[in-house]
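Just below is one structure, and these are the notes that go with it.
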Amino acid sequence: MELYEKIYVHPAFLKTEHGQISCETCHGGDPADPNWQTAHRKIVKDPTFPTADEACGECHEEITSTAKNSLHYTLAPFTQVIKARANKKDKKSLQKVIQAKDKHCSSCHSSCGQCHVSRSDYVNGGFLAGHAFKKKPPVDTTCASCHGGRVYRELTGGNSGYAADVHYQKKEMSCLDCHSAVEMHADAKGIRTRFELPQRPQCKKCHAEVVSEEPKTKSHAIHKDTVACQVCHGLANKNCFSCHVGTDKEGLLYYKCVETKMGFKIGLNPNRTADRPAKYVVLRHPPANPDLFASYLKDGLSDFNSLPTWKMDTPHTIQRITPQNKSCNNCHGNASLFLQEKDVSDWEREANAKVVVPKESLPEPIEEVMEKP
Amino acid sequence: MIAYRWYLTAVFVLVSFCACSLILVGKEHLVEKSESQCVVCHTDVKKLIRLGWEVEKIRPKQGTSAQTSGEG
C-alpha cells in the first residue's frame, strides 16, 4: 500500500460517531498547524496501544478492561516460551534475549485499533476503510495479514494440493465464526498457551452430538477420550524448521527460515487435563531452534529443551473424511503418521521426549470392526 | 378573535423559522470551525500523494532486508 492509501480518511467517516471526536483527542498533534511536520510532533499513531483504556476505555470500558490482557494484545505466551527457554542464570544474557524478542516477535501483537481500524503494524498498517471503525474486522486484511503464512492459508486451501477446511469450503465459515469477539477480548492473565483459554473455540460447541458422553458413531465412542478431533479429521499442516533472526548492516531486521514443509504428525499430548484428555494430538513444528537469536548472543536459549519443538496444534485443515480415518488400519499400524524418534533431529530429542510416540504406544493393526465414518 | 388567532399563529411560525435557521447556521459555523488541518489534509487524496513524496524524501521507504529468506 502507498502511504496516501494508508492514511486517507474518507469524508464519510467524519459523519460517524467516532468521526465526531476531534482527531487530536486520540492522536495528539496540533490541528491548527498547517505545517505537517510540526503539526505531527508528538503524534500518536495508534492511540489504542499500549494503553487501550485511554482512547477506547472511556466508552468501551467493559471491553478494554479485559482486552488489554488478551492474547493478541499482550502476546504473553510468546514471552513465557522465550523466557522458559532462555538462559536465566545470566541476567545480562536474559536481558539481551528479551530485547531480541521485543525487536523481532513483539511486532506481532495486535491492539483495538489494529483490528477495528487499520491493518496491524506487522504489515505496516494502513486504514481498513478510510478510518471507519469496523465492528467485525475484515478477516482477509486483519487476521490473514499475520496468520496468512500458516493458519489462514490452510483454512482457505492456499497450500497447493491441499483442500480448504470443510468449514470454509462448505459452510463459508471464516475466522470470526469460531473465534468470537468474546475470545478475542478475553482476559488471558495467567494463561500459558491459547489452548488454556476458556473462551477458545471448541468443536463441541457446534458438534455436541459427536463430543458427548455417548456418541452415536462407534468410532467416536471408541476414541472420544483418547484421540483429539483433529487427529482423525485434520489434514497436513505447515511446519517450519530452523529460523534465525537478526539485524543487517543497514539496520533492517531479517529472518531466515531454512525449511518449510507440509506434513501430518500425531504425537502424545504432553499436558493431559480433564478439559483436554486426549492421549494423541496433532503436532506442528514452529520456527524455533536454539540458535534463533545467535546473531545477538551465544547460548541465549540455553534452556531450550524445557519445551517441545513439536507443539500441540489444532490445524485448520478439517475434513470429514481424511486419509487416516478412511479405515481403522489407515491409522492403526501406520507408524508413519506418528512422530517417532527417527523424525526428530538429534538436537531436539530431549525437548520432544514427552511428545514422541514410543513404539509401545503406536496403535497396532486391528480387525476392521467399525462402520465407515 | 379569528384574526387574532391567525396573528398568533403567524408570529409563532415566524419565530420557529428564525430559531431553526439560527440553529442550522450555527451548526454549519461549528462544523466549519471544527475543520482542522488534520481533516483538510487527510481527506484530500491529492494533498496526501504530494505529502507522501515529501515524506519519502525525508524518510525513504524501508525495504526488506536482502538477508531475509524463506517463509516468515
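Note that this is a predicted model, so its numbers are computed, not measured. Residue numbers start from 1 in every chain, and the chains themselves are labelled A, B, ... in the order their sequence lines are given, proteins ahead of strands. The figures that follow rest on heavy atoms only: side chains count, while hydrogens, waters and symmetry mates do not.
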Are Lys61(B) and Glu2(A) close enough that some pair of their side-chain heavy atoms sits under 4.5 Å apart?
yes
List the steps, then state whether side-chain contact (heavy atoms from CB on, under 4.5 Å) holds for Val45(B) with Tyr4(A).
CA-CA 7 Å; Val45(B) 179; Tyr4(A) 76 90; 3.8 Å; yes
Check this for me: Lys311(A), atom NZ, are more than 12 non-hydrogen atoms of other residues, nucleotides or ligands nearer than 6.0 Å?
no
Against chain B, label Lys6(A) side chain, backbone, both or neither, depending on which of its atoms sit under 4.5 Å from a heavy atom there.
neither
Quick check on Cys240(A) against chain B: is it the side chain, the backbone, both or neither that has a heavy atom closer than 4.5 Å?
neither
Applying a heavy-atom distance below 4.5 Å, give me the residues of residues 146-153 of chain A that approach chain B, sorted by number.
Gly149(A), Arg150(A), Arg153(A)
Can you tell me which portion of Gln37(A) sits under 4.5 Å from chain B's heavy atoms? Options are side chain, backbone, both or neither.
side chain
Smallest heavy-atom separation, Gln67(B) atom then Asp248(A) atom, equals NE2-CB, 3.6 Å
Side chain, backbone, both or neither: which part of Leu253(A) has a non-hydrogen atom closer than 4.5 Å to chain B?
backbone
Let me know if Leu3(A) has heavy atoms under 4.5 Å from chain B in its side chain, its backbone, both or neither.
side chain
Take atom CD in Glu259(A); do more than 12 heavy atoms of anything else shown fall under 6.0 Å from it?
yes
Separation of Cys38(B) SG from Asp30(A) CG (nearest 0.5 Å)
8.0 Å
Is it true that, when you exclude Glu17(A) itself, more than 12 heavy atoms of the residues, nucleotides or ligands shown sit nearer than 6.0 Å to its CD?
no
Provide the closest heavy-atom pair for Tyr8(A) versus Asp44(B) in the form atom of the first, atom of the second, distance.
CE1-N, 4.3 Å
What part of Ser22(A) gets within 4.5 angstrom of chain B, counting heavy atoms only: side chain, backbone, both, or neither?
neither
Quick one: what part of Ala39(A) sits under 4.5 Å from any heavy atom of chain B, side chain, backbone, both or neither?
neither
Are the charged groups of Lys261(A) and Glu71(B) less than 4.0 angstrom apart, N to O?
no
Chain B contact via Asn124(A) - side chain, backbone, both or neither, heavy atoms under 4.5 Å:
neither
Validation row: Lys256(A), Ser69(B) side chains within 4.5 angstrom (heavy atoms):
yes
Lys47(B), part contacting chain A, at a heavy-atom distance under 4.5 Å
neither
Other residues, nucleotides, ligands: >12 heavy atoms within 6.0 Å of Phe241(A) CZ:
yes
Step by step, would you call Thr43(B) with His10(A) a side-chain contact (heavy atoms from CB on, under 4.5 Å)?
CA-CA 6 Å; Thr43(B) 53; His10(A) 197 283; over 6 Å; no
Polar side chain donor-acceptor pair, Trp36(A) to Glu54(B), under 3.5 angstrom:
yes
Residue Pro287(A) versus chain B: region with a heavy atom under 4.5 Å:
neither
For the residue pair Leu14(A) and Val39(B), establish whether any side-chain heavy-atom pair is separated by less than 4.5 Å.
yes
Has Glu56(B) got more than 12 heavy atoms of other residues, nucleotides or ligands less than 6.0 Å from its CD?
yes
Counting neighbours of CD on Glu54(A) that are heavy atoms of other residues, nucleotides or ligands and sit closer than 6.0 Å, is the number greater than 12?
no
Between Ser65(B), Cys41(B), Gly70(B), which shows the greatest number of heavy-atom pairs under 4.5 Å with chain A?
Ser65(B)
Answer with side chain, backbone, both or neither: which region of His40(A) has an atom nearer than 4.5 Å to a non-hydrogen atom of chain B?
side chain
All heavy atoms of Ile7(A) vs all of Leu48(B), minimum pair found to be CD1-CD2, 3.8 Å
